[in-house]
There are 2 protein chains.
Amino acid sequence: MESVVVATLDQQPEDARGFSPLPSNGICGRLGDKWTVQVLWRLSLASGKKLRFSALKKEIDGVTQRMLTLALRNLERDGLVARHYFPEVPPRVEYELTEMGSGMLRALEGINSWLMDNLSRIEENRRVYDDAEQR
Amino acid sequence: MESVVVATLDQQPEDARGFSPLPSNGICGRLGDKWTVQVLWRLSLASGKKLRFSALKKEIDGVTQRMLTLALRNLERDGLVARHYFPEVPPRVEYELTEMGSGMLRALEGINSWLMDNLSRIEENRRVYDDAEQR
DNA sequence: CGGAATCCAGTAGGATACTG
DNA sequence: CAGTATCCTACTGGATTCCG
């Protein structure tokens, strides 16, 4: 029996090499990218209301049009965000979280709060490590 | 009051722009990289026992020496992994999870199980989206 | 307005060879 | 054994321009 920590992670069927790889890598290459989580986050703050592209762009500091577009496309593709296109003049596009999207955000609460609790310790560790310099 | 989903995420002091950014990006660029989580995972499976560099390399499928070294260095720098160097001939180096490291892994359980539950749906969504092709 | 297209710089990551 | 050192490629992400 492994440690309790990983017990639930071990439910995945083992692969040909005889161990269960974490799906975290690969599947969430998405999570690792620079903007995806921030987009989900801003949409969730809207709590059910839809947000226009320009609103998202204004609220997510530093994101470029291209990166926001790419992030939204990937989220839409995964079914985490719904895109509503209104063929008006000028055109209007609104985005909202899907059920799945908000579920994923909920699932992120664990690491997020852990990070908030441990961020300063990590930064301190890095400082110490870097000060030690050449070993 | 925001949605329940993000309530606990909102405890962070707001920044100058008036909203609380998720720390998930930036702090865990680490989490987003290709090998970090897998290294933590393999170390946790050892449950307290230390693992040698070569053991890790053998068990983490596809990782190169360089990438494993970099991942371990970063984890050590953050204080998530402890490195024990034995100046023998030939040299021996052993790695183990720190308390902090296993805490982080525990905190990852949320997304991990969510991903395992939703992976097939996501893949299906992607398939449908890609089949729709040109919109 | 909400992109798409293009160009470009920086970096993550892989292959290979060498070393204390 | 456990790395460093190089080299190289591919992808991320930024800036800019154009389009329906």
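Because the structure is predicted, anything quoted here is derived from the model rather than measured. Order of the sequence lines fixes the chain letters, A, B, ..., with proteins taken first and strands second; residue numbering starts at 1 for each chain.
In this structure, B/Y95 reaches the D/dG3 phosphate: one of its side-chain N or O atoms is under 4.0 Å from OP1 or OP2. Dashed line: the shortest gap from a side-chain N or O of B/S54 to OP1 or OP2 of D/dA2 is under 4.0 Å. One finds no side-chain N or O of A/R92 lying less than 4.0 angstrom from the OP1 or OP2 phosphate oxygen of D/dG20. Within the structure, every side-chain polar atom (N or O) of B/K57 is placed at least 4.0 Å from both OP1 and OP2 of D/dC1.
In this structure, B/Y85 places its OH atom 12 Å from P of C/dG20, rounding to the nearest Å. Look at CG on B/L68: it is 16 Å from C1' on C/dA12, rounded to the nearest Å. Protein atom CE of B/M67 is 18 Å distant from nucleotide atom P of D/dA2, rounded to whole Å. Atom CG of A/D33 and atom P of C/dA12 are 15 Å apart (whole Å). To the nearest angstrom, P of D/dA2 lies 9 Å from CD of B/E94. Between the NZ atom of B/K34 and the P atom of D/dC11 there is a distance of 11 Å, given to the nearest Å. Between the NZ atom of A/K50 and the P atom of C/dG2 there is a distance of 14 Å, given to the nearest Å. We find that CZ of B/R73 is positioned 12 Å from P of D/dA2, with the value rounded to whole Å.
Of the candidates D/dA2, D/dG14, C/dG3, C/dG3 carries the atom nearest the A/F53 side chain, counting heavy atoms from C-beta on. Of the candidates C/dG3, C/dA15, D/dC1, the closest approach to any side-chain atom of B/P90 belongs to D/dC1. Among C/dG2, D/dA2, D/dG3, the nucleotide with an atom closest to any side-chain atom of B/R52 is D/dA2.
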Q: Evaluate the criterion side chain to side chain contact (heavy atoms under 4.5 Å, CB included) for residue pair B/N118 and A/M100; output intermediate values, then yes/no.
A: CA-CA 8 Å; B/N118 292 274; A/M100 212 182 172; 3.8 Å; yes
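Residue B/E124 forms a side-chain hydrogen bond (donor to acceptor under 3.5 Å, both in side chains) with just one option from B/R121, B/R127, B/R126, and that option is B/R127.
To the nearest 0.5 angstrom, B/T36 atom OG1 is 7.5 Å from B/M104 atom CE.
Using a cut-off of 4.0 Å between Lys/Arg side-chain N and Asp/Glu carboxylate O, B/R42 and B/E59 are scored as salt-bridged.
Without hydrogens or angle criteria, B/S113 side chain to B/G110 main chain gives a donor-acceptor distance under 3.5 Å.
Judged by closest nucleotide on DNA chain C, A/T69 is the one of B/P91 and A/T69 placed further toward the 5' end.
Side-chain to base pairing of B/R66 with C/dG13: one donor and one acceptor N or O lie within less than 3.5 Å of each other.
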